[in-house]
Q: 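To start, I am sharing the structure in question, which I have written as structure tokens.
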Amino acid sequence: MNQKLVNSLVQVIEALSPEERTLLESRLQSHTIQKTPGICGGHARIRNTRIPVWMLVSLRKQGADDLELLQNYPSLTSEDLTAAWDYYEQNSSEIDLIITAQNEDD
């Protein structure tokens with residue numbers, strides 16, 4: 001590990017204003033959600049997994065809490081779930097349409 005680089009990054013992050021820190025966090029979370037043609041139908045998914053955001057949102061709407069989701073999907077982190085909920089908040093119509101289409105297929 002490059003300790004000097006990590007220390008430098010910590011100093012830069014600590015010097016950020018609240019607005020800059022919010023922007024940084026938003027940018028980092030945006031990398032958690034990926035859309036890749038041919039994977040999960042091209043729908044938004046958690047980074048490097050085949051766990052689509054719409055499925056997590058659907059399970060949450062059915063009553064699953066974060067702890068249950070983390071237990072059932074051990075590859076997920078609480079940060080992944082936060083990114084999924086943030087994505088849903090910003091793209092609810094997209095996700096709701098997918099959930100509706102999935103329910104019609106069932």
Side-chain angles (χ1 to χ4, degrees):
M1 174 175 24
N2 187 337
Q3 191 66 34
K4 187 175 179 180
L5 174 62
V6 171
N7 290 338
S8 295
L9 289 171
V10 168
Q11 288 178 339
V12 169
I13 291 168
E14 288 175 344
L16 294 175
S17 70
E19 295 82 17
E20 292 167 332
R21 188 177 289 249
T22 299
L23 178 60
L24 174 63
E25 289 171 359
S26 173
R27 293 255 177 101
L28 290 173
Q29 283 183 350
S30 71
H31 294 302
T32 303
I33 305 299
Q34 299 173 336
K35 285 185 172 183
T36 307
I39 300 176
C40 294
H43 300 302
R45 64 186 172 90
I46 302 298
R47 47 98 201 114
N48 303 325
T49 71
R50 292 184 177 269
I51 303 171
V53 172
W54 69 261
M55 184 182 67
L56 295 172
V57 170
S58 179
L59 291 170
R60 191 180 205 197
K61 286 183 175 191
Q62 295 172 47
D65 62 17
D66 286 8
L67 181 59
E68 184 177 355
L69 293 171
L70 292 171
Q71 289 172 341
N72 288 323
Y73 298 93
S75 65
L76 294 181
T77 65
S78 48
E79 290 81 14
D80 293 333
L81 294 180
T82 298
W85 310 149
D86 289 347
Y87 184 88
Y88 177 63
E89 186 175 308
Q90 296 170 12
N91 302 278
S92 58
S93 58
E94 169 196 338
I95 299 300
D96 289 340
L97 282 172
I98 297 167
I99 291 172
T100 298
Q102 293 296 324
N103 288 339
E104 288 174 358
D105 289 345
D106 291 343

Q: Is there a side-chain contact between T82 and D66 (heavy atoms, below 4.5 Å)?
A: no

Q: Verify, without hydrogens or angle tests, whether S8 (side chain) and K4 (backbone) share a donor-acceptor contact under 3.5 angstrom.
A: yes

Q: Hey, mind stepping through D65 and R60 against side-chain contact (heavy atoms from CB on, under 4.5 Å) and telling me if it holds?
A: CA-CA 6 Å; D65 62 17; R60 191 180 205 197; over 6 Å; no

Q: Quick check for you: to the nearest 0.5 Å, what is the distance between W54 atom CH2 and I99 atom CD1?
A: 7.5 Å

Q: With a 3.5 Å distance limit and no angle check, can you tell me whether T49 reaches the backbone of I46 through a side-chain donor-acceptor pair?
A: yes

Q: Answer whether the closest heavy-atom distance between the side chains of V57 and V53 falls below 4.5 Å.
A: yes

Q: Going through the checks in order, is the side-chain contact (heavy atoms from CB on, under 4.5 Å) test met by L56 and W85?
A: CA-CA 9 Å; L56 295 172; W85 310 149; 4.0 Å; yes

Q: Take I51 and S75, measure what side-chain contact (heavy atoms from CB on, under 4.5 Å) needs, and give me the verdict at the end.
A: CA-CA 10 Å; I51 303 171; S75 65; 3.9 Å; yes

Q: Among residues at least two apart in sequence or on other chains, which ones pass side chain to side chain donor-acceptor pair (under 3.5 Å) with D96?
A: K61, Y88

Q: Mind listing the closest non-hydrogen atom pair of I33 and A44 along with its distance?
A: CG2-CB, 3.7 Å

Q: Not counting sequence neighbours, which residues clear side chain to side chain donor-acceptor pair (under 3.5 Å) with E14? List them please.
A: none

Q: Does anything in residues 31-58 form a salt bridge (charged side-chain N to carboxylate O under 4.0 Å, His left out)? List the pairs, not counting sequence neighbours.
A: K35-E94, R47-D80

Q: Apply side chain to side chain donor-acceptor pair (under 3.5 Å) to T22 and E19, showing your working.
A: CA-CA 5 Å; T22 299; E19 295 82 17; over 6 Å; no

Q: Which residues, ordered by chain and number, are linked to L5 in its hydrophobic cluster, where ILVMFWY side chains connect at heavy-atom gaps below 4.5 Å, directly or through other members?
A: L9

Q: Not counting sequence neighbours, which residues clear side-chain contact (heavy atoms from CB on, under 4.5 Å) with S93? List them please.
A: none

Q: Sequence neighbours left out, what passes side-chain contact (heavy atoms from CB on, under 4.5 Å) with N7? Give chain and number order.
A: Q3

Q: Between T100 and E104, is any side-chain donor less than 3.5 angstrom from a side-chain acceptor?
A: no

Q: Is there a side-chain contact between L59 and Y73, using heavy atoms and a 4.5 Å cut-off?
A: yes

Q: With a 4.5 Å cut-off on side-chain heavy atoms, are L24 and R21 touching?
A: no

Q: Testing the basics here: between A64 and L69, what is the closest heavy-atom pair and its distance to 0.1 Å?
A: CB-CD2, 4.1 Å

